[in-house]
Each structure stands twice: as C-alpha cells, then as structure tokens.
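Reviewing the structure listed below.
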Amino acid sequence: MGASVRPSFSEGLGGEQGWPKALRGRGPQAVSGILTALGRAGLWSPRRQLLLATWQALSRALVTMDAESLLLSLELASGSGQGLSPDRRASLLTSLLLVKRDYRYDRVLFWGRILGLVADYYIAQGLSEDQLAPRKTLYSLNCMEWSLLPPATEEMMAQTSVVKGRFMGDPSHEYEHTELQKINEGGKVFEEEVVVQIKEETRLVSIIDQIDKAVAIIPRGALFKTPFGPIHVNRTFEGLSLSEAKKLSSYFHFREPVQLKNKTLLEKADLDPSLDFMDSLEHDIPKERKSLGASSDFHYWS
C-alpha cells in the first residue's frame, strides 16, 4: 500500500494533537516499539499505558476487520430470504482466512453462492496487491475445502453457451450436447451428429466470469491508481456522500476498462487519473436480460 495514502497511527486515533512528539506521524509498528521500549526502561506513565492499550485494541480490530465486514454483509444479504446457517458462517469465516494465508492473497472476497440441485457452490475470489490484476476464483461445497478454478477462456464461453438449466452441484458432472460437425472424407463433405461432453466445473468458470464482467461494481474512490501503475485499496475511503451515491458516475465496473480506452483526450480532460481509471456506469446501455442458466443469491462485493 502506498505510504502517501496510509494514515499514521495517531491519525487513525483522531489526530496527532496532544500526542508526544516521538509518536507523531509514526506508523503502528513504530508506536508499538516505542511504547514497549519505554515500558522496559521504566519510563512509564498512565498516559503511555493508555496509549499502549489503545494500540493493542486497534491492532485486534484491524486483524478482524475483514471478518466483521463479512458477517455484516451476510446479515444484509439475508434480507432477501437467502442466507447461511451459523455453522456455515463459522466455517466460511475461518476457511477464508486460511485461504488468504495459504495462497498469499492481499484480500479474499466472498463472491456469493450458486445454488445447485444436489449441493451449492460457495465462491470466493483472491486479489493480489494490484487490485485490478486478474482475480483467482475458488469454490467450495462445504465452506471448508476450497478448489482453485482455471481462468475463463473464449473457448469455454462458446462451449458452455449451449448448456441451460440448473446446476447439479457436482463439479465432475458432464452435460451432453449434440451438435452437427462437418467431416471431409475422400473429397466429400457431410455432416455428422457428434455428442460433446461439457463438465460442470467448466460451466461454473464461464458463468462466474460473465457475472463479473456484467455486474461487479465498485464505488468511485474505493481504489486508487499510483503513478507507477498498480491499483491499491484506498484506506482513507469512508464511503460516498448521499448526493454522490445517487449518481451512476460514482460507480465503476470492477474490471479492466473497455470504454475508457476509446475516449478522446478532451473527454478525459476532467477525469482524475488516480480515481477515474475504470469504466463508469453512467454510459452503460441496458441490454436485454438473458438467463445464464444459474440460480445465485447474495452476490456482492465488500
């Protein structure tokens, strides 16, 4: 994370006014080290003890921030009538932290759930330090064991476009599709019916990619672009104001820009390159709603 936007520890506690000069403008690790050294040297006071206690409380809050956000998001999403049992929530909360550690992701987002006839798919996505880099998608059937999905390809999209109906909930399940293929034998061309088998795991990859490209949305200011190129989380972002939240221009597609590349220099003149580096929703043209052949619920971003 760029040092230019990360607030100092004292700023995170409401400002540096009244802080000892040795602690002003320093990060949490530096503050902790200074307070610990003072304690070992016997240079202690009730005020310094309060500072250390505050730092320890803030440290615990920072460690559990993603977990608290996830539980809150699940509560908000359950208003639609779909939700997770307490056991599933506990398993999800623990396993996603392990996924983040084992795969060394910068962030792990719970993407949502796709309903199946036999079992449901729980989807998570891992993000690297560059937030706009290709995301890694994982799925689980029990919220504990996670499997990594391959990236979507054009071949997958074309192959799975013929599959309709509900998911089975079995990644190894194979759909059968009959298609006509031209065969050339002895200078003669004729058509023959060929049965093509499509794995449900391939269909899962395709559906998730389609949903991401269409409706993965992020508010303006939640991410910022550094002069060197990488996209980072804006730790100072506190949400949109009421007036800004009503504008489509305050929301971006959470993917590499497509329309932005086609804009002229005059159209880009009023854009902030550090914030306006993705496609805005204000110029989207609604398309006819097409069924993706999947039933999903509480797909959201946090």
Side-chain angles (χ1 to χ4, degrees), residues 1-2 4-7 62 65-77 79-80 96 99-100 105-114 122-138 149 151-152 207-263 267-268 270-287 292 296-302:
M1 185 60 58
S4 60
V5 298
R6 181 188 291 275
L62 289 173
M65 181 171 58
D66 288 343
E68 292 174 356
S69 174
L70 175 61
L71 293 180
L72 175 61
S73 299
L74 289 175
E75 287 292 338
L76 294 174
S80 63
L96 288 184
V99 166
K100 180 181 178 181
Y105 293 136
D106 184 71
R107 284 202 301 160
V108 173
L109 305 177
F110 179 52
W111 185 93
R113 178 175 66 178
I114 293 180
Y122 298 88
I123 312 299
Q125 291 186 328
L127 282 70
S128 61
E129 186 177 358
D130 186 349
Q131 300 292 303
L132 214 56
R135 297 186 284 272
K136 305 296 184 181
T137 303
L138 305 96
L149 289 171
I207 291 295
I208 293 173
D209 186 70
Q210 291 179 62
I211 294 175
D212 274 349
K213 289 180 178 178
V215 298
I217 307 299
I218 196 165
R220 183 178 186 271
L223 300 179
F224 76 97
K225 186 175 184 178
T226 66
F228 303 103
I231 313 299
H232 296 299
V233 174
N234 188 356
R235 300 297 183 186
T236 63
F237 179 70
E238 297 181 352
L240 297 171
S241 64
L242 182 59
S243 60
E244 292 297 322
K246 298 177 181 179
K247 301 176 183 177
L248 283 177
S249 58
S250 298
Y251 302 93
F252 297 127
H253 288 284
F254 191 22
R255 53 171 166 74
E256 285 289 338
V258 178
Q259 301 172 0
L260 185 64
K261 296 178 181 179
N262 299 325
K263 288 188 175 182
E267 292 174 321
K268 295 179 181 179
D270 295 331
L271 301 181
D272 185 342
S274 64
L275 299 177
D276 303 313
F277 50 86
M278 293 178 286
D279 290 331
S280 170
L281 267 63
E282 63 179 329
H283 301 301
D284 280 8
I285 300 175
K287 297 180 181 180
L292 294 177
S296 61
D297 59 90
F298 54 87
H299 170 223
Y300 58 87
W301 293 89
S302 58

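Residue indices begin at 1 and follow the sequence shown.
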Determine, for F254 and R135, whether the Lys NZ or Arg CZ falls below 6.0 Å from the six-membered ring centre while staying within 45 degrees of the axis.
yes
Answer yes or no: is there a side-chain heavy-atom contact under 4.5 Å between Y122 and I114?
no
Which residues pass the side chain to side chain contact (heavy atoms under 4.5 Å, CB included) test with D276, sequence neighbours left out?
R220, F252, L271, D272
Does S128 have any side chain to side chain donor-acceptor pair (under 3.5 Å) partners at least two apart in sequence or in another chain, and if so, which?
none
Please evaluate residues T226 and H232 with respect to the criterion side-chain contact (heavy atoms from CB on, under 4.5 Å), reporting the C-alpha separation (whole Å), side-chain torsions for both, the decisive distance (0.1 Å), and the verdict.
CA-CA 8 Å; T226 66; H232 296 299; 3.4 Å; yes
Side-chain contact test, heavy atoms from C-beta onward, threshold under 4.5 Å: evaluate it for L223 versus I218 and give yes or no.
yes
With the side chain counted from C-beta on, respond yes when I123 and T137 share a heavy-atom pair under 4.5 Å apart, and no when they do not.
yes
Under a 3.5 Å distance rule, please check whether D130 uses its side chain to pair with a backbone N or O of I231 as donor and acceptor.
yes
Minimum heavy-atom separation for F277 and S274, please, with both atom names.
CE2-O, 3.2 Å
Can you tell me how far apart CD1 (I217) and NE2 (H253) are? Round to the nearest 0.5 Å.
5.0 Å
Just to verify, what does Q259 make a side chain to side chain contact (heavy atoms under 4.5 Å, CB included) with, not counting sequence neighbours?
D279, H283, D284
So do the side chains of I208 and Q125 get within less than 4.5 Å of each other, counting heavy atoms only?
yes
Return the set of residues passing side chain to side chain contact (heavy atoms under 4.5 Å, CB included) with S243 (not counting sequence neighbours), or none when no residue passes.
S241
The criterion is side chain to side chain contact (heavy atoms under 4.5 Å, CB included); which residues satisfy it with S249, sequence neighbours excluded?
K247, S280, E282
Will you find, in the side chains of Q131 and R107, an N or O donor that is under 3.5 Å from an N or O acceptor?
yes
All side chain to side chain donor-acceptor pair (under 3.5 Å) counterparts of K213, not counting sequence neighbours
D209
Taking side chain as C-beta onward, heavy atoms only, is E238 less than 4.5 Å from T236?
no
What heavy-atom pair brings N262 and V258 nearest, and what distance separates the two atoms?
ND2-O, 3.6 Å
Flag side-chain contact, heavy atom, 4.5 Å: L275 against F224
yes
Work out which heavy atom in M278 is nearest to a heavy atom in L132; give both atom names and the distance.
SD-CD1, 3.8 Å
Contact check, side chains of Y105 and L138, non-hydrogen atoms, under 4.5 Å
yes
